[in-house]
Visitor: 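Just passing along the structure, written as structure tokens.
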Amino acid sequence: MENRRRRQEDTSFSAPNAEGNVWPKQVCPAFEPRADTPEGLQQCWYCRYADFHLDKPRALDVGVCYWPEKISK
């Protein structure tokens, strides 16, 4: 029998992962989209609480959740 394990970056959170790492395609119930989020897309990459250094010259592959503090508009 083959043992399949989900990669951590493919799982969703049941609650915000405050002060923890978040991968771009993850999401949690506290998701709040930024102004530039495509309609209907819910991923940490587009969340106001996640910091992927999008305001820096190079974005991070893995971000940090700063819920309940909003990082971007």
Side-chain angles (χ1 to χ4, degrees):
M1 181 156 73
E2 187 178 330
N3 182 11
R4 291 184 177 230
R5 296 196 311 171
R6 296 183 81 183
R7 297 180 317 163
Q8 183 177 359
E9 58 266 32
D10 293 336
T11 60
S12 294
F13 295 110
S14 59
N17 192 26
E19 301 295 324
N21 289 341
V22 290
W23 280 259
K25 293 183 179 180
Q26 288 182 306
V27 71
C28 82
F31 173 81
E32 191 172 319
R34 294 191 319 261
D36 63 346
T37 302
E39 189 174 331
L41 189 60
Q42 291 190 358
Q43 297 178 351
C44 287
W45 182 263
Y46 295 102
C47 185
R48 292 182 183 199
Y49 302 115
D51 184 8
F52 285 92
H53 287 190
L54 300 179
D55 59 339
K56 307 282 192 259
R58 183 173 176 179
L60 299 173
D61 292 332
V62 177
V64 177
C65 176
Y66 285 109
W67 184 87
E69 179 184 335
K70 292 180 183 171
I71 300 304
S72 60
K73 295 179 181 184

Visitor: If Ile, Leu, Val, Met, Phe, Trp and Tyr residues are connected whenever their side-chain heavy atoms lie under 4.5 Å apart, and connections chain through other members, are Phe31 and Trp45 in the same group?
Guide: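 Hydrophobic grouping puts Phe31 with Trp45.
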Visitor: What donor-acceptor contacts under 3.5 angstrom involve side-chain atoms of residues 52-66, with partners at least two apart or in another chain?
Guide:
none

Visitor: Would you check if Tyr46 and Pro33 make a side-chain contact, meaning some heavy-atom pair closer than 4.5 Å?
Guide: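 When only atoms from C-beta onward are counted, Pro33 and Tyr46 do not touch, as no gap falls below 4.5 Å.
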Visitor: Side-chain donor-acceptor contacts of residues 13-22 below 3.5 Å, not counting sequence neighbours, with atom names and distances?
Guide:
| unit_1 | atom_1 | unit_2 | atom_2 | d |
| --- | --- | --- | --- | --- |
| Asn17 | ND2 | Asn21 | O | 2.8 |

Visitor: To the nearest 0.5 Å, how far apart are NZ in Lys25 and OG in Ser12?
Guide: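 Here the rounded value is 12.5 Å.
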Visitor: Looking at residues at least two apart in the chain, or sitting in another chain, which of them share a salt bridge (Lys or Arg N to Asp or Glu O under 4.0 Å) with Lys70?
Guide: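 Salt bridge (Lys or Arg N to Asp or Glu O under 4.0 Å) list for Lys70, sorted by chain: Glu32.
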Visitor: Rounded to the nearest 0.5 Å, what's the gap from CZ on Arg34 to CZ on Arg48? Could you check?
Guide: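 These two atoms lie 9.5 Å from each other.
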